[in-house]
Structure formats: C-alpha cells, structure tokens
Amino acid sequence: MKIIIYDKKPGEGVGQWFLMLTWLVGSYCQKLLGAADRVYGAESWSDALNWLSTLQDNSITSLQYWGHGSPGYVWLNSKPLILSNLVELKNKFVPQALVWFRTCSTFQGLRGHQFSKYLADNLNCVVAGHTRVIGLLQGGLHTRQSNTQASWPLEEGEPKSSLPSYLVWGPNTITCFQTKIPHGW
C-alpha cells in the first residue's frame with residue numbers, strides 16, 4: 001500500500017492555509033497518478049501515527065510525508081516527529097519500504113545525516129529526503145538504506161545564492177509533480 005500523509009494544520013495565516021491546500025490537492029493528484037493508494041490529512045503526530053497503526057501489518061510499501069521540515073526534523077502542527085514513535089510501527093512496513101519526507105531541509109547537515117541513519121537502520125527501509133528548501137522544485141533529494149553511509153556532503157543545502165533554493169535547479173532536483181525518485185539517488 002502506498003500512502004501519503006500531509007500536515008493539515010501547518011500554522012497560522014493565509015500562507016500556511018495555502019500551503020496546506022497545496023499539499024491536499026497535490027497528494028490527491030498523486031493518488032490519481034497511481035503514486036498513492038491512500039491519502040490522510042493529519043492534525044498531529046499522534047493522529048498520523050494512530051491512523052497508521054490501524055493499517056494491516058506488512059502492508060505499507062511506500063509512505064510519503066508532506067509538511068514542514070528543518071535539518072534533522074519533520075514537523076506536523078508545529079511539533080517535531082519523535083522518531084522512536086514511528087519506529088514502533090515497524091511491523092506495518094514491508095522490508096525495504098520507502099519512507100519519503102517531502103519536506104524542506106530534513107536531510108541537511110549532521111542532524112539530517114543522523115535522522116536518515118536512525119530511521120533507515122531502525123525501520124529497515126529506504127529513507128528519502130531533501131537537503132534544500134523545496135517548493136515547485138524539490139532539490140537535494142537523496143535516499144539512504146539501512147546500514148549505509150550518507151552519500152551527500154554535510155554542507156549540501158546551505159544557502160549559496162541570493163535566490164531561494166526552491167527556485168534553483170541544483171543537484172538531485174525533481175519537480176513537485178514527479179511521483180518517483182530517480183534511480184541511484
């Protein structure tokens with residue numbers, strides 16, 4: 001089963017409401033394209049994890065999370081994911097499932113390396129994430145399998161130009177419309 005969970009409560013203001021609407025519409029478009037079987041708008045991590053816990057064991061082949069991120073963190077309703085809480089649901093994932101965080105900067109820096117290692121090793125899955133701020137362009141996309149080293153440098157994703165990184169086509173960049181990670185990333 002391929003799942004997309006998005007942050008239904010990303011924050012206050014029109015900009016955050018528009019971002020949530022973008023995640024809602026985008027995730028359902030991905031469902032229409034076959035990239036997801038189920039879509040869920042979560043109001044908190046406990047809401048998201050409780051919903052995942054109702055799924056059949058060994059049923060998740062792919063889980064995408066769409067929300068806010070920062071180096072080493074993913075956020076839902078302005079609260080960080082406690083990684084061990086997701087690891088408690090390990091039995092819901094098939095071996096080598098894909099867990100993809102379509103969030104800004106989650107894989108950036110030392111915290112991003114530690115985040116990806118912890119989840120890949122403890123879920124025994126492939127973890128994907130970005131080292132840059134993402135939008136229509138989603139740069140710095142990398143994957144990590146269990147018991148491997150990170151293949152990207154710690155400094156990847158640090159701002160180097162006056163343009164916002166979501167407007168710059170950089171290394172390992174896809175568009176928000178792509179449903180698959182290119183081979184070898």
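By convention here, the first residue in the shown sequence is residue 1. Every heavy atom of this structure was used, including side-chain atoms; hydrogens, water molecules and symmetry mates were not.
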Worksheet item: So Trp152 and His113, would you call those rings parallel, tilted or perpendicular, with 30° and 60° as cut-offs?
Response: perpendicular

Practice prompt. Mark yes when over 12 heavy atoms from residues, nucleotides or ligands other than Trp17 sit less than 6.0 Å from its CH2; otherwise mark no.
Written response: no

Fill in: Shortest non-hydrogen contact from Pro182 toward Ile174
CD-CG2, 3.9 Å

Worksheet item: For Ser151 and Thr143, which heavy atoms make the closest approach, and how far apart are they?
Response: OG-O, 4.4 Å

Discussion item. Using 30° and 60° as the class boundaries, would you call the ring planes of Tyr40 and Trp51 parallel, tilted or perpendicular?
Written reply: parallel

Item to complete: Could you tell me whether the side chain of Thr103 and the main chain of Thr106 form a donor-acceptor pair under 3.5 Å?
Response: no

Worksheet entry | Which atom of Ile60 lies closest to which atom of Ala97, heavy atoms considered | O-CB, 3.6 Å

Worksheet item: Between Phe115 and Phe101, does the ring centroid distance fall short of 6.0 Å?
Response: yes

Worksheet entry | Exam field: side chain His130 to backbone Gly139, donor-acceptor pair closer than 3.5 Å | yes

Worksheet entry | Heavy-atom donor-acceptor pair, Asp7 side chain to Asn77 backbone, under 3.5 Å | yes

Practice prompt. Identify the two heavy atoms, one from Ser27 and one from Trp66, that lie closest to each other, and give their separation to 0.1 Å.
Written response: N-CZ3, 3.3 Å

Item to complete: Consider only side-chain heavy atoms of I, L, V, M, F, W and Y, link residues closer than 4.5 Å, and tell whether Val127 and Leu81 are in one cluster.
Response: yes

Worksheet item: Is the shortest distance from a Lys or Arg side-chain nitrogen in Asp57 or Lys92 to a carboxylate oxygen in the other one below 4.0 Å?
Response: yes

Worksheet item: Hey, do the aromatic rings of Tyr65 and Trp45 have their centres closer than 6.0 Å?
Response: yes

